[in-house]
Number of protein chains: 2
Amino acid sequence: MVASTLAEVARLAGVSPATASRVLNGSARKPGPDIANRVRQAAESLGYVANAQAQGLAKSSSGLIGLVVHDIADPYFASIARGVQVAARNQGRMVLLATAAGAPEAEREAVAAFAARRADSIVLAGSRSARKEDTDANSALATELDRYCANGGQVAVVGHPVVGATSGTGYHVVAVPNEALAASLAADLTVLHTGRFIVVAGPESLFTSDDRIRGFQAGLAAAGREPAEVFRTQFTRSGGHAAGLSLARRIAAGEKDLCIFAVNDVMAIGVAAAIRGQDLRIPRDALIAGFDDIETLRDFQPELSTVHLPLEDIGAQAARRAGGDMDFIPITGHVALRRSTHHEE
Amino acid sequence: MVASTLAEVARLAGVSPATASRVLNGSARKPGPDIANRVRQAAESLGYVANAQAQGLAKSSSGLIGLVVHDIADPYFASIARGVQVAARNQGRMVLLATAAGAPEAEREAVAAFAARRADSIVLAGSRSARKEDTDANSALATELDRYCANGGQVAVVGHPVVGATSGTGYHVVAVPNEALAASLAADLTVLHTGRFIVVAGPESLFTSDDRIRGFQAGLAAAGREPAEVFRTQFTRSGGHAAGLSLARRIAAGEKDLCIFAVNDVMAIGVAAAIRGQDLRIPRDALIAGFDDIETLRDFQPELSTVHLPLEDIGAQAARRAGGDMDFIPITGHVALRRSTHHEE
DNA sequence: ATGCAGTGGGAATGCGCTTTCCCAAAGAAT
DNA sequence: ATTCTTTGGGAAAGCGCATTCCCACTGCAT
């Protein structure tokens, strides 16, 4: 990557680099119009493109916002990414993308890389977990984040705080009310369904999953229902599918009147697919509800009951807070009951 | 963003910055082990993180790969992005993300921003179009790309070349065989279906859409069928939905035995949703096929017949070529016939 | 003992830009 | 007419790092 420099432009325009800098890249001081034009012309004719790295070095700020997601191809994160992207553009910044695939160690690496690039802020949208085997990696991540914040970085975490991150300044959390919403979903479902509930969840210690389970159980309890059985599996479509196969067997064996709550939409779809693959029908043989309200899945039949989350907003909020705009706009979702949880007449 | 510098580390370790640099960041010359340890310890205790901007400035290369997509929340692009991301990680680089929302002007801006950041390479995965009103913006984009290449940048475009880009070097195209695959889809469908065909397509001059139409028509012709009617709409789910409503009306009015080819899966789902919303059924009242084989949509019922595209691979290929690994691995897809195009017995 | 290549460290330069500081000229005020 | 402010441009000092060049030193052959 070679390209013409400010100095070249300045020489061609017959001015000093200082002046060229002032006219080309916003400065408080505005050189005279005639000079400005000369410079602009010179820049144009040379195809000058300012070197953002050098600019960043000089003013020590990069205009970069780092985003780490679990998997960019997952519609949940893709939506959040879009929100971050939009907010970044409004702030005149660019987003640096990293995927962590659920490994705290990978998240740490990403954070370190962002720090190295002197990203002004970081949005962390992986999936926080407290698994035993991740303890070390998690605390390493926390250390890295603390260091980043200590150096003046801003970080916004969506969902749950990173375990062990202690830094006071520069650390924001976009709290998604998973628990409350799950409770409210449970409450709504209890009026529709008098039978048993079962929740298909992710692996233990995955915060998002655990919160939703807890909220759901609380909602059931508040309605005077028994706690739901919890079926642990992968936090993915195929995890849901596996669970679905197993449940289908039980349903076929006579276990009727079941309402299945999968802790996210993608899993719910997996569950549904598996159940239908066994010649059972939804909602006839089992009710199903999800969580997230993934856009791409809205045309699924029967329409999936779920909890709507303003994913794009969540991303945008995270980016805005990380960007220093601290106006607090709480995240709110809402239960969206659709056909997958309505017993047929 | 303030942080400790190499100079501070060097001072603490009692060595020169040059030596510190040599031990901390890979260099040909390896200082002695005792010194190396001193430096490493100093770095550790100071929480030193190399400034990538400064490094980039010094060695004039940034380790950045720019990716511009139409919309990161669209599963098609999200999958490609994942591929790019994976390839980038393997190359030890980071990806800079930009979304263009279909506007060539936005693409140009993104390319300019990438150039400013001295991205080593750029992957362009917007949707090329030749619309009359985009002519100017397209040529501006071409100019920007040419300049970027002229300065030593590498660019990979997925799908179609940018109209008017002339640069000889550094310019790669990952060709997706849309036309051939559409033809082969048509061929396969003609053996399943003896009635009429109709294609639901995107706006005129959108290359991807046009190629798929052309290929499909060619396939029909090769099978001795009449050309399909082309229904133009938005290249989105809601475009498909609108088309679906209109088609549903025709079907309800007696137009039976229709096979609808929507030029992408998302549109196909929109079409299907609209048709089913009118108390019609698929495939009973109309067959539907899509294109792309979006992962999230695989559990749709009835399973959507489509053309499988290795999206992640496409992204990875683009990133690899842009990265200089020039081994050519052709993109191949295949027709995937599923239940949405099978007349019921 | 002398010369040689080879080794390992430091000094200094430059990457491309921003920004402070300085200075000359021009205008306002006395 | 003289002094005091502005105004507008340039010189120069970094920003944090890589790297070239140079130098002192060691070990070897002669």
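Quantities reported herein were computed from a predicted structural model and do not represent experimental measurements. Each chain gets a letter, A, B and so on, in the order its sequence line appears, and its residues count up from 1.
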Nucleotide [N], atom [atom2] - distance to [atom1] of [X] in whole Å:
X	N	atom1	atom2	result
B:Leu46	D:dG16	CG	P	13 Å
A:Asn37	D:dG8	CG	P	15 Å
B:Arg11	C:dG10	CZ	C1'	15 Å
B:Leu57	D:dG14	CG	P	17 Å
B:Arg118	C:dG16	CZ	P	8 Å
B:Lys59	D:dT20	NZ	P	13 Å
A:Asn51	D:dC15	CG	P	18 Å
A:Leu24	C:dG16	CG	C1'	13 Å

Which nucleotide wins on minimum distance to the side chain of [X], given the candidates [options]?
X	options	value
B:Thr5	C:dG10, D:dG16, D:dA11	D:dG16
A:Leu6	C:dT18, D:dC17, D:dT19	C:dT18
A:Ala50	C:dC17, D:dC15, C:dT19	C:dC17
A:Ile35	C:dG16, D:dG9, C:dG14	D:dG9
A:Ser16	D:dT19, D:dG10, C:dT18	D:dG10

Heavy-atom donor-acceptor pair, A:Arg22 side-chain to D:dG8 base, under 3.5 Å: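 Counting by modelled atom types and ignoring angles, no donor-acceptor contact under 3.5 Å is found here.
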[X] side chain N/O closer than 4.0 Å to the phosphate oxygens (OP1, OP2) of [N]?
X	N	value
B:Ser21	D:dA18	yes
B:Gln55	D:dC17	no
B:Asn25	D:dA18	yes
A:Thr19	D:dG10	yes

Minimal non-hydrogen separation, B:Arg128 against B:Pro161, with atom names: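 Here B:Arg128 and B:Pro161 meet closest at CD-O, 3.8 Å.
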Check whether [X] reaches the backbone of [Y] with its side chain - one donor and one acceptor, N or O, closer than 3.5 Å.
X	Y	answer
A:Ser4	A:Leu46	yes
A:Tyr48	A:Glu8	no
B:Asp71	B:Ala101	no

Upstream residue (5' side of DNA chain C) when B:Val15 and B:Ala58 are each assigned their closest nucleotide: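 Result of the comparison: B:Val15.
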Check: A:Leu97 and B:Gln85 side chains under 4.5 Å, non-hydrogen atoms: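 Yes, side chains in contact.
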